[in-house]
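These notes concern the structure reproduced below.
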Protein chains: 4
Amino acid sequence: MSAVRVGVIGLGRMGRLHAGNIAARVPALELVAASDPAPAAGDAASELGLPLAADWRDLVGDPTIDAVLVCSPSEAHAEQIVAAAEAGKHVFCEKPLDRSLDAIDRILAAVSAAGTILQVGFNRRADPNFGSLRARLDAGEIGQAWLLKITSRDPHPQAKEYVLGSGGLFVDMAIHDFDLARYLLGDVVAVSAAGAALVDPELADLGDVDTAVTTLSFQSGAIGVIDNCRQAAYGYDQRVEVHGALGMLAADNELATTVQVADETGFHRPRLPEFFLDRYGDAYARELELFAEAIAGAPPLADGRDGQHAVAMAVAAHTSLLERRTVALAEVLGEPVIS
Amino acid sequence: MSAVRVGVIGLGRMGRLHAGNIAARVPALELVAASDPAPAAGDAASELGLPLAADWRDLVGDPTIDAVLVCSPSEAHAEQIVAAAEAGKHVFCEKPLDRSLDAIDRILAAVSAAGTILQVGFNRRADPNFGSLRARLDAGEIGQAWLLKITSRDPHPQAKEYVLGSGGLFVDMAIHDFDLARYLLGDVVAVSAAGAALVDPELADLGDVDTAVTTLSFQSGAIGVIDNCRQAAYGYDQRVEVHGALGMLAADNELATTVQVADETGFHRPRLPEFFLDRYGDAYARELELFAEAIAGAPPLADGRDGQHAVAMAVAAHTSLLERRTVALAEVLGEPVIS
Amino acid sequence: MSAVRVGVIGLGRMGRLHAGNIAARVPALELVAASDPAPAAGDAASELGLPLAADWRDLVGDPTIDAVLVCSPSEAHAEQIVAAAEAGKHVFCEKPLDRSLDAIDRILAAVSAAGTILQVGFNRRADPNFGSLRARLDAGEIGQAWLLKITSRDPHPQAKEYVLGSGGLFVDMAIHDFDLARYLLGDVVAVSAAGAALVDPELADLGDVDTAVTTLSFQSGAIGVIDNCRQAAYGYDQRVEVHGALGMLAADNELATTVQVADETGFHRPRLPEFFLDRYGDAYARELELFAEAIAGAPPLADGRDGQHAVAMAVAAHTSLLERRTVALAEVLGEPVIS
Amino acid sequence: MSAVRVGVIGLGRMGRLHAGNIAARVPALELVAASDPAPAAGDAASELGLPLAADWRDLVGDPTIDAVLVCSPSEAHAEQIVAAAEAGKHVFCEKPLDRSLDAIDRILAAVSAAGTILQVGFNRRADPNFGSLRARLDAGEIGQAWLLKITSRDPHPQAKEYVLGSGGLFVDMAIHDFDLARYLLGDVVAVSAAGAALVDPELADLGDVDTAVTTLSFQSGAIGVIDNCRQAAYGYDQRVEVHGALGMLAADNELATTVQVADETGFHRPRLPEFFLDRYGDAYARELELFAEAIAGAPPLADGRDGQHAVAMAVAAHTSLLERRTVALAEVLGEPVIS
C-alpha cells in the first residue's frame, strides 16, 4: 500500500512538528510539499527537503497531493479547508477549526459535500494515558460516570501579542480540555464558567482571563469541571479524574524521570516536563497515523463535529463568564432550545 | 487553672463523640451534665457517668455550668444558643448553626449582646493536614493563591429519611467544604453550582442532588471549586489543592496503612478510611481544646460569622442550582448588592 | 477484672515512656511503684505520682506487686529478671535481655522454673503496619515468602559514649530488625554481615560500625537482608518488603503529613518523623496492652526465646563481620552444628 | 561525517534488536552485513535487507566493515573478539565477554594490542533514570555514598535449558547489576553471596540458584547489596537506591501508564512492564549511539575492564555461595591478595 501524499500549509511550530513526525515516524504518510508565505519558511522547507510554495492554493490545486495539513493561523482555516475539500483533498486541521461557528458550518457543509476526511488536531485523544482511561471507562470499570475533573495548566503564560490574536483562554487553551471532556464522557448540553486575570491582571483590559473554572453538564447527566491556568511554576500540569458508581479512574502527570532525592528538607521529585511537545510527543505522531487510517476507511480520531462542538463550548463558556449564568450549548449552536 | 464546666445538649452520635473526647483527651474541659429527651439517652448518660436532664433548659439554667455543647437537631439550635447566651454561657454548636439566615441573625445578636463565646463545629479547621497547608499558604510558599480545589466525597449515601430532614447536600454536607474554603482563602463573594441526583435518581423528586460542583469567587479575586458526591466506592475522599503564583500546595488523603501489595494484576493499596470519625478523630478532640482556649481569651477556631457565611454559601449554591446563574453572597445575606 | 499492679525498674527515657502510656492508655495495668538509684529520678516519680525506691529489690520484694517493667541499663537485666521471676512476678523487659547468651540462658531457666510471663520490648511487633503485613503474609497473599528486605536507619548517630556502652550496632540497633525478621518469616539459621564506620570513621577504633548489611538464611529456605545506618538526613527510615511466589508486600514509611508542595524546583514532601517515639508511639502502648493480655493467658508478643534469638543473631552478625564468613546460629547458641 | 559500517555476528534476539535500532534510530551506524550459521537466520536477514554469511569470519575478514556487533552465544565471544581486534575492527559485545576470566585476559590483550574500541553491552548504563541518578550522585547531592541497594527481578524464570547453558544466576542475570553497581560507585574489592533455588527447587540439582542476595564492599568503603530473583509476579522490577551523608537518591520503576483506579477494594496501579526490551528500549538504542561516539574518540560506555570486572564479581559471588565466606576480587582476578 503506497503512502498518502501530503502537503503542509504553514511551517510554523505545528507545521514543522508534523513534518518532522511524518518523516521519522509515520510511514503511511509521505510529505511532498509545503506552503508558507513567510520569508523565513524557506529555511524550514530546505531542512525538510520540501519544495515550498508561497501560496497555499498551489498545494490545494496540485492533483498529485492527496491530503493537506492545515497549520496556518486560524483565521485562514475555513477558506483553506473549504477549498481543499472542494478539490477532493483530505484535511488534517489544527485547532480551532475556526473561531466563528458560522464559518465552521461552512466547513462542515463543504466536507460533507465532498465526502472527504476532516480530522481536527485534538492530540490529547491520542495520548496513551487518556486512551487507557477511556478504554477502562468504556469497559465499565467504574460503572456509570458521575463526575469528570480535568486539570490543565500551562507552565508559562503566552506572550501578550499571542493572547490578543488567540481568541482568549477558552478557544485557545481550554478547547483541548473541552474536547477531551467530550472524548471521555460524550456530548455536553450546558456550560458555566468563572474566571479572572490573576497571572497578569492587565489581561482583564483585553477582555481575557488566565485562570478559569468551567463546569459542564453532560447529556448523560454527569457533571464535569475543568480548571485552567496560564501559569504553573512546577511545569505543564495535565490530569484527568473520573468518579463513578463503582469508583474512580485517574490519569496523573507523566514524570520526566523516576529519580527522587531525600535530604534533610524532605523528599523531592523533579518538576513536570516543561513543554507540551514533550508531554504529548507520542500523541502528535499517533494522531497522524490515525489520519492515515481514517483516509483508509477508519473513523477519524476527531471529526468536524468534534471540532465544532469544542468551539461551541468555548463560546458558551465565554458567554457564561460575561453574563454570569449557565449557557446551554443549543443556544450557541443555534439549535432549538429544549432545556 | 480549673477546668471549664460543660453540659452537653443532645446525646446523639456527635454528643457522645464530644463527651468521650472530653473525658479522654481534653483536660481543660470537664463534662458535668447532659440533656436529651430521648428515652434511649439514659444508657449513654450512665455510661458517661453523667446526670441526665430531659430538658435542655435545666442545663442552661444551671449556674454551676460554664458552657454548653449544642449537639441537638439543627431545628433546635437557635433557641438553645440564644437562651444559653442570655444565661451567660459559652456555646460550642454543631453545624449548621441554623438553616435559616434570619435565625442565625438572632443567634449572632444574642451572642454579641452577651459577650460570650460561640464556636461552630467546623472540625476540618482542626485537621493537622489542612492546618499545615494553611500555615504554608500564609507563609507565602506559593505566593498569591489563584485556584482552590476541594474534593469531598462520602463513602456511602445517607438514609433517605436523614437526607429529607438534613436540608440537602449543600447545607448538610458541602457546608464543611464551604467553611474550609473560607478558612483557607478568606471570604467568598459569589457562588455558582451545578448538581444532579446520580447516586440515587429518586432524590431529584425531593428537590435534592447527590453530586455537585460548586464554583466560588473569593474577595481576593481567587477562584475555587468544590466537587461533592454522596458515594465513593473507595472510601471517604477528602482532598485540598491550592494553586498559586509560585506553585501548588496539596493535602492528599490519609492512608489507613502504609502496606501495599504487588501481584500479577498490579500494585494495590487499601481503600480509604470509611468513616469521618476515623479521618477526623484528632480534629474532633482538637476543636474542643481550642474551645477551652477561646473561653480563656483566644479567638475561636470558627465563630458565629463563620457559621453564618457557610450557611449563606449553601443557600447561594442552592439558589444558583435552581436559577442556573451565579449568585452573589450579598443577595443572600441581605447586604446592599454592589457587584 | 482488676488491673495488674506494676512496678517500673528504671525511670530513664523508656521507663518514663512506659509509665506515661500505662497512665493514659493501658487501663489493664496499674502503675504503683518505681525504683531508680539516680538522684534525678525523684522528679520523674513525683510527676508520675509514684512512690520511689532507690533499690529495685524493694519492688521485687513487694508482695502487692504483680509485675515489673525492667527498663534499667542492660547490664542489670539478668539479675533483676531472675530475682523477679523467683519472686513470682511477671516481667516486661526492654531489649536486649542481656548481651551475654549465657546470662540469657540463666534468665530463661529462671522464668521457666517460675512459670511466669517474660515479654521482651520488641515494640515493632506491635506496629499496625508491620502487623498488617504479617497478617497478609500469613493469609497467603503472596504465597511462599522468598526474600525479606528491611531498611532501618536512624536520623542521627548516638553520642559516642552511648555507643561505647551499647554493645555496638548489631546488639543495640539492628536487634530490632533481627527480631522483626523472625516475627515475619520465622527462625534464622545463618547470618552474614558486612559493615563499616562511614558516618563516623572514629567508630572503627572502638571496634564498631555504623553502616551495615546483614544477610539472613531462614529455616524456611527464604533469604533476608537488612541494611542499617546510624544516620539518615531525611529522618527515621523504617521499611519492610517481602517478595514471594505470588508477588510482593511492602510497608513504606509513615508520613508526618499528607501535604506536599510543587514549585519551580519540583514536588516536595516533608522529611520523615525524626523520633522513634513518634514513629512507634502507638506500638509502645500496644505492647503493654499485650503484656496485660499475656498475664491473663495469651501468648506474649515476644517471649524469652525471641529475646534470646535476636541476641544470638547479633552475636552471629558481629562474628561474621570479624571473620568474613557466614555464621550458623547453632554455633552461637551452642547447639550441635549440623549445617 | 559518514556512518560507521557495521556487521552483526548472530541474529538471535539481541542481534535482531540491535539491527532494528541501528536502522531506525542510530544514523551514525550503518548495518551492512550479518552472519549466523542457523538456517532460520535467513528470514531475519532478508527482513533486515542484509547479506547473510554463515561464517562470522567473512565479516571479520571484510575490509569494508569497520566494526562488528558480537551477539553470538557467549562461548564464541572470545575467539570472535580476538579475531575482530586483530583485523582492526571495533567491537560491541553482548555480556558476558566470556565466562572464563582467562579468556577475558586474552580478549583484553588483543584489543589493547590492536588499539581498537571494545564496548560491552551493559545497557543499563544508558538508561536515563540511572544516568540521572549517577549525575546527581557525582554532583554531590547526597555527599559521600555509604550504601547502595539494587533490586533486580525478572518477571518469569527462563527455560531450564537456557539456564543450564547460561552459567547461572550470577554470570547470566546479576552481571548487569554488578556492572551497574560499579557504574554508580566504582570498583568493588570483595563480594559475599547467599542464594537458594526457591522459584524452582530443581535448579539446586544443577548447582544454580534463582534467588540471591549479594553484598559488595567498594574500594571507597561503601557497602552495596543486590537482591535478585528469577520471578516477580508483578513484572520486571528494577530499582536503585543510594544512601549517603546528605540523604538518599532513588530510581524507582517506570510505570506503563499513569492511570490508576480506585474501587471498593482500594487503589490499583497496573503491573510493571513485562519485558526488558520495553523497560530498556531507549537504553539499547542509546548504547549504540555511544558506541559510534566511542569509535569517534569518546570513552566507551563500558569497556573491556568493565566487562572483566563484572565477570570477576560473578565468579566471586559463586565462590562465596559455595564456600560461605567473603571473597576478595583480587583472589579471583589473580592479583596479589593484600586484604
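Throughout, protein chains are lettered first and strands after them, A, B, ... in sequence-line order, and every chain is numbered starting at 1.
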Does A:E274 have more than 12 heavy atoms from other residues, nucleotides or ligands lying within 6.0 Å of its CD? yes
Select, from A:A24, A:G247, A:P270, A:A250, the one with the greatest count of heavy-atom pairs under 4.5 Å involving chain D. A:A250
Residues from residues 260-268 of chain D approaching chain A under 4.5 Å (heavy atoms): D:Q260, D:V261, D:A262, D:D263, D:E264, D:F267
Which residues in residues 119-134 of chain D have any heavy atom closer than 4.5 Å to a heavy atom of chain A? D:N129, D:S132, D:L133
Please flag which part of A:R136 lies under 4.5 Å from any non-hydrogen atom of chain D: side chain, backbone, both or neither. side chain
Rounded to the nearest 0.5 Å, what's the gap from CG on D:L255 to OG1 on A:T258? Could you check? 9.0 Å
With a 4.5 angstrom heavy-atom cut-off, which part of D:L246 approaches chain A: side chain, backbone, both or neither? backbone
